Amino acid sequence: MQDVSSLVAQAREGRPRAVARLISLVEGASPQLREVMAALAPLAGNAYVVGLTGSPGVGKSTSTSALVTAYRKQGRRVGVLAVDPSSPFSGGALLGDRVRMSEHASDPGVYIRSMATRGHLGGLAWAAPQAIRVLDAAGCDVILVETVGVGQSEVEIASQADTSVVLLAPGMGDGIQAAKAGILEIGDVYVVNKADRDGADATARELNHMLGLGESRGPGDWRPPIVKTVAARGEGVGEVVEALEKHRAWMEERGVLAERRRARAAREVETIAVTALRERIGDLHGDRRLDALAERIVAGELDPYGAADELVAGLTRGGSSGS
């Protein structure tokens, strides 16, 4: 068993091994997970969480690395959570390419973690909210969450980040693809990366047109900016950071940031509760209560919805009977 209080204290001191162990406890759904979350609760809530999403090949990893560089120049501590579609710990494959992040590897002000989706849809790992809380409590000023790159199902990032950045690239059909996916509805900042390629201006115009078609904004509402970058050379990254800061200031001024965080916490509680309930229902297979309800349905004495209501009521009461 890990000494949670000691790990939390070490994580607050910026020790990467302690942060890694805490996230491992989260990913592994450790029996100590509740203790970890209870210890972190009063320490979290200060980091600015930025999600980066987009289709594969648009340069999410390179853009993430460039943003890390920009924020470090401002003296901010940065956490990176890169969701990996394959292994839980990709070793040499952090952000898809260790070379891209080598400049940050020895920087004590940067913590990079790769997480596996483990079959979870939506571009994020199921443990992402708790991992974000670990990085937050560990003193990160900014947390960059890079999604796995699954394309049309990546809209979940909008529910986990304070600000969502949608990346596109010219010549990849991203504008049409994004419109079909509904991904244009989740972006707070749009970035046309690889802007040195032919078609970058056309992609930006198309994106601007699509945003205009779906607009139903009133005076003072946020209008997502479109920024062109060449992340591999660091071009335009300063403008992205500026756009992010403007969005954060807009949210704080109007109470949107606090509301987003409350909604995020509510979804997390709901997910934990539903997961716990699902596990308890799973334990009922072969149980007399479930069999009895099934018999009543077959006999026409009860409908499936009524049976489900009885089952949930029994589980929430913690009752052991029902037959």
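Keep in mind that this is a model prediction, so the values were computed, not measured.
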Practice task
From the options Val134, Ile23, Val19, select the one residue that forms a side chain to side chain contact (heavy atoms under 4.5 Å, CB included) with Arg113.
Solution key: Ile23
Handout entry: Option passing side chain to side chain contact (heavy atoms under 4.5 Å, CB included) with Leu207 (candidates Val166, Val191, Ile226)
Key = Ile226
Practice task
Check whether more than 12 heavy atoms from other residues, nucleotides or ligands sit under 6.0 Å from atom CZ of Arg34, and answer yes or no.
Solution key: no
Problem - Check ion pair Arg267-Glu270 (N to O, under 4.0 angstrom) - result: no
Exercise for the section: State whether Arg261 and Asp162 are salt-bridged, where the test is any N-O pair (Lys NZ or Arg NE/NH1/NH2 against Asp/Glu carboxylate O) under 4.0 Å. Expected result: yes
Handout entry: Test side-chain contact (heavy atoms from CB on, under 4.5 Å) applied to Ser5 - qualifying residues, sequence neighbours left out
Key = Asp3
Handout entry: For Gln32, side-chain contact (heavy atoms from CB on, under 4.5 Å) partners two or more places apart
Key = Met1, Gln2, Val4, Leu25, Ser30, Glu35
Search all heavy atoms of [X] against all heavy atoms of [Y] and return the closest pair with its distance.
| X | Y | value |
| --- | --- | --- |
| Asn193 | Gly59 | ND2-CA, 3.7 Å |
| Ile297 | Ala307 | CD1-CB, 3.7 Å |
| Tyr190 | Leu168 | CD2-CD1, 4.2 Å |
| Lys60 | Leu52 | CD-O, 3.9 Å |

Exercise for the section: Name all residues meeting the side chain to side chain donor-acceptor pair (under 3.5 Å) criterion together with Glu239; count only those two or more places apart in sequence or in a different chain, and write none if there are none. Expected result: none
Exercise for the section: Output all residues satisfying side chain to side chain donor-acceptor pair (under 3.5 Å) with Glu13, sequence neighbours left out; order by chain, then residue number. Expected result: Arg15
Problem - Sequence neighbours excluded - salt bridge (charged side-chain N to carboxylate O under 4.0 Å, His left out) pairs with any residue from residues 128-143 - result: Arg133-Glu268
Anything under 3.5 Å between a donor and an acceptor, one on a side chain of residues 72-82, the other on a protein residue two or more places apart or in another chain? List them.
residue: Arg72; atom: NE; partner: Asp107; partner atom: OD2; Å: 2.8
residue: Arg72; atom: NH1; partner: Arg76; partner atom: O; Å: 2.8
residue: Arg72; atom: NH2; partner: Asp107; partner atom: OD1; Å: 3.1
residue: Gln74; atom: OE1; partner: Arg76; partner atom: NE; Å: 3.0
residue: Gln74; atom: OE1; partner: Arg76; partner atom: NH2; Å: 3.3
residue: Arg76; atom: NH1; partner: Glu245; partner atom: OE2; Å: 3.2
residue: Arg77; atom: NH1; partner: Ala138; partner atom: O; Å: 3.2
residue: Arg77; atom: NH2; partner: Ala138; partner atom: O; Å: 3.4

